[in-house]
Engineer: 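If you scroll down you'll find the structure; I have some questions about it.
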2 protein chains.
Amino acid sequence: MKPTTLKDLSRHLSLSTSTISRALLNHKNIHPETRKRVLEAAEMLGYQPNTTALNLRYGKSKSIGLVVPEMVTPFSANVLKGIQAFLNNIGYKVIILVSDESPDTERDNLTLLERFNVDGIILNLCHETYNQALYAQIMERGTPIVFFDRIPGNALDVSKVIVNDHIQASLMAEHLISTGCKRIVHLMGPPTVRNATERAAGYQRILVKHGIFDPELMVKTHGTTFGHGKEAVKELLKKGIAFDSIFAFTDTLAIGAMNYLLEQGIRVPEEVAICSFSGTELSTSVFPQLSSVEQPLKEMGEAAARLLMDKIQDSSSDSRTLVLDAKLIYRGSTARGSGKH
Amino acid sequence: MKPTTLKDLSRHLSLSTSTISRALLNHKNIHPETRKRVLEAAEMLGYQPNTTALNLRYGKSKSIGLVVPEMVTPFSANVLKGIQAFLNNIGYKVIILVSDESPDTERDNLTLLERFNVDGIILNLCHETYNQALYAQIMERGTPIVFFDRIPGNALDVSKVIVNDHIQASLMAEHLISTGCKRIVHLMGPPTVRNATERAAGYQRILVKHGIFDPELMVKTHGTTFGHGKEAVKELLKKGIAFDSIFAFTDTLAIGAMNYLLEQGIRVPEEVAICSFSGTELSTSVFPQLSSVEQPLKEMGEAAARLLMDKIQDSSSDSRTLVLDAKLIYRGSTARGSGKH
DNA sequence: TTGTTTTGTGGGAACGTTCCCAGCTCTTTG
DNA sequence: CAAAGAGCTGGGAACGTTCCCACAAAACAA
């Protein structure tokens, strides 16, 4: 029942463990005949190298942590896929922890990962500055961190992978305008995450350019749940602020907003067009389906994993920032007869 | 930069590693004064025990695997939370792998976990029988497996945690009938997963009891995605089979079906009421919100983790089956004036 | 032939812990 | 007052690997 070890093979073949090891690892200086015998015996006894022993020997845990703000959306699951596609192949395990949009929980998650002795961490943060000092400490202590999606301020010299939020947000605003929208709300999400301000900036630039920017339509939310989206729109309606479309920071905000509108009997997209920034299956799970900026989530994960491995293999290697291309997908939620003709 | 080890402390305090170890673990036979000195030095030098070394010593990897069929739904994420709530506290890491509803991928995932030397596996399977032999082999080789949600046939003596599918499905059918529904479709999901047949049986029992069972309304789907739900309903409409409500095996099937109906201009719940079996945030992310049987997912995870630890600590301990209580939640998708008055 | 290189093998330290055992000193006991 | 016990400490094996080193035998060079 106990798994076979090198020593078992050693006893069984009357060879030293050194020889066995060399044969198995296909090192030089091993007689072909001996090698064959060892391989056969290993096969027969079902020998599997003990990874824990290897980890101790090499001073690695062969595991990395992934810390994400939420998991009600399949966003993180898609990123995870990319990470695993790259890391599982080379024997790395990934341990995922969810912060529930709370910087304190994020803190707990990070210290837990440190206790787990992970070789590195991939992080999508909750709050741009709150835990910045902790990130620095962890890296100081020798565990590299790579960021994606929501990244920390420039003060921290780290590798990261993002999408071009500004441009994509601009393009989405242009799209709404091209369908005839004039009063475009932006649900911008909390200003404590960089992407929120980036996307808002893109939106604002285009609206200003078209001379239809109105600060009243730029609404900050405290979070990014369905509930936050709903509350924001409820507030707008209560205040009597007119709007003909909504561009939301995330799928969840957009959907929360949309469902409240539908509940109130307001038609989408006829009366209010809606779109968002994301890239998850959620945007196609509602009716009408959401137009959105789709991010290449799997590639994002893969890139982050690659950057992390660079740091793990050579801790003094330069930090790099990867900017991936997102693409706009137009769906039912913004499909109305073009406003211009 | 290198982390402090026992040996470092030993050198620093001119004490043997044995004594240091005893002091740290608070064993008997240690002088209070020595203990204090050791603790202080450990604190000062930032000593953290090396988990890999401990794992080697104790012959464990202190990690378990979680294999789930899908992650587009927050179902698995919720279960994961329960598992982690229990396991992270006692120093266990959990590695999650997704099978994408493919038994072959599930196979790969399981063998990967075995290579990772996990101490145990928690599994929500894709297909009731396909990998049954593999499960047996893995357990034979010493890695316990605990099942939840979708469980294997009775041939396998394993611990598992489920909900009372039959009863809950019956109650949901009764609910639909009480709102006046007479032509109730059941989207039953693939018959290769036990819950599908369980829930279908509950549904059928009630409809037969009320004399409104029609085999035409019992439709098997090949999978459980949005797409499968949509296709099933499309087919029903094409065949001209009349129905006034749908009870779906999962949120995803229900939503896929609902969105197609809405797309066709059919009103929900006025013309067709819809409900499902699940317990995820997905059911409240659509409009109208879905009535559904909500499973206690976090508790499910916690229970599975507990059962797994029992097996890990004593591999000969008896297998147990836990049946948890789900509860019905009525929402907009079935809210129409009661049919009886 | 003798010296040098190549080829193959075994011994054993090292990774960072725990824990058994031996041994020392000091107190208690009959 | 010797014997027994309690309190405390150190030595070192063990967990399962890899890999450096030493060494023997064979192959090659001169």
Side-chain angles (χ1 to χ4, degrees), chain A residues 1-39 41-42 45-63 91 114-119 141-142 312, chain B residues 1-39 41-42 45-63 91 114-119 141-142 312:
Chain A
M1 196 80 299
K2 278 250 174 264
T4 342
T5 73
L6 267 195
K7 268 181 198 156
D8 296 332
L9 289 179
S10 158
R11 263 191 297 275
H12 186 254
L13 295 170
S14 307
L15 285 171
S16 74
T17 57
S18 324
T19 306
I20 310 272
S21 175
R22 262 192 312 260
L24 258 21
L25 299 179
N26 204 4
H27 276 184
K28 63 199 94 187
N29 293 336
I30 184 86
H31 194 93
E33 179 59 31
T34 328
R35 186 167 132 71
K36 198 170 148 240
R37 281 177 57 217
V38 171
L39 257 42
L45 299 181
Y47 171 75
Q48 289 286 105
N50 179 311
T51 53
T52 312
L54 289 175
N55 292 345
L56 180 59
R57 180 73 234 263
Y58 290 125
K60 305 241 142 146
S61 71
K62 281 278 202 170
S63 63
E114 244 188 328
R115 280 225 311 279
F116 282 165
N117 264 331
V118 294
D119 295 340
R141 285 194 284 260
I312 289 177
Chain B
M1 196 80 301
K2 278 250 173 260
T4 336
T5 72
L6 267 196
K7 267 181 198 153
D8 296 331
L9 289 178
S10 159
R11 262 190 299 275
H12 186 254
L13 294 170
S14 306
L15 285 170
S16 74
T17 57
S18 323
T19 305
I20 310 271
S21 174
R22 262 192 311 260
L24 258 21
L25 298 180
N26 203 6
H27 276 184
K28 62 200 94 187
N29 293 336
I30 183 86
H31 194 96
E33 180 58 31
T34 328
R35 187 167 130 72
K36 199 170 146 237
R37 280 178 58 218
V38 171
L39 257 40
L45 298 181
Y47 170 75
Q48 290 285 105
N50 180 309
T51 52
T52 312
L54 290 175
N55 292 346
L56 181 59
R57 181 72 237 259
Y58 290 123
K60 304 240 144 153
S61 70
K62 281 277 201 173
S63 64
E114 245 188 327
R115 281 225 311 278
F116 282 166
N117 263 332
V118 294
D119 295 341
R141 286 193 284 260
I312 290 177

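Chain identifiers are assigned alphabetically (A, B, ...) following the order of the sequence lines, protein sequences preceding nucleic acid strands; residue numbering begins at 1 within each chain. Note that the structure is a prediction, hence the values are computed from the model and not measured.
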Engineer: Quick check: closest heavy atoms across Thr17(B) and Ser10(B), and the distance to 0.1 Å?
Structural biologist: CG2-CB, 3.9 Å
Engineer: Hey, what are the protein-to-nucleotides 24-28 of chain C N/O distances that come in under 3.5 Å?
Structural biologist:
none

Engineer: Could you state the atom-to-atom distance from NE2 of His31(B) to P of dG7(D) in whole Å?
Structural biologist: 12 Å
Engineer: Could you state the interatomic distance from CG (Leu45(B)) to OG1 (Thr5(B)), rounded to the nearest 0.5 Å?
Structural biologist: 10.0 Å
Engineer: Please give, in whole Å, the distance from dC20(C) C1' to Lys28(B) NZ?
Structural biologist: 13 Å
Engineer: Would you say Arg35(B)'s side chain and Ala23(B)'s backbone share a donor-acceptor pair under 3.5 angstrom?
Structural biologist: yes
Engineer: Does the side chain of Ser21(B) pick up a donor-acceptor pair with the side chain of Ser18(B) at under 3.5 Å?
Structural biologist: no
Engineer: Could you state the CD1-P distance from Ile20(A) to dG10(C), rounded to the nearest angstrom?
Structural biologist: 8 Å
Engineer: Can you tell me the distance, in whole Å, between the CZ atom of Arg35(A) and the P atom of dT9(C)?
Structural biologist: 12 Å
Engineer: Got Ile20(B) and Leu13(B) here, is their nearest side-chain heavy-atom distance under 4.5 Å?
Structural biologist: yes
Engineer: Could you pull out all donor-acceptor pairs under 3.5 Å where a side-chain atom in residues 46-60 of chain A meets a protein atom, sequence neighbours excluded?
Structural biologist:
from	atom 1	to	atom 2	distance (Å)
Asn50(A)	OD1	Thr52(A)	N	2.8
Asn50(A)	OD1	Ala53(A)	N	2.9
Thr51(A)	OG1	Asn117(B)	ND2	2.8
Asn55(A)	ND2	Thr51(A)	O	3.4

Engineer: Sugar-phosphate means primed atoms, P, OP1 and OP2; the rest is base. With that split, encode nucleotides 12-28 of chain D 5' to 3' as B, S or - using protein heavy atoms under 4.0 Å.
Structural biologist: B--BBBBB---------
Engineer: Between Ser63(B) (side chain only) and Val118(B) (backbone N and O only), is there a donor and an acceptor less than 3.5 Å apart?
Structural biologist: no
Engineer: What is the separation between atom CD1 on Ile30(B) and atom P on dA6(D), rounded to the nearest whole Å?
Structural biologist: 19 Å
Engineer: Heavy-atom distance under 4.5 Å between the side chains of Asp119(A) and Ser61(A), does that happen here?
Structural biologist: yes
Engineer: Thr34(A) near the nucleic acid: base, sugar-phosphate alone, or nothing, with a heavy-atom cut-off under 4.0 Å?
Structural biologist: sugar-phosphate
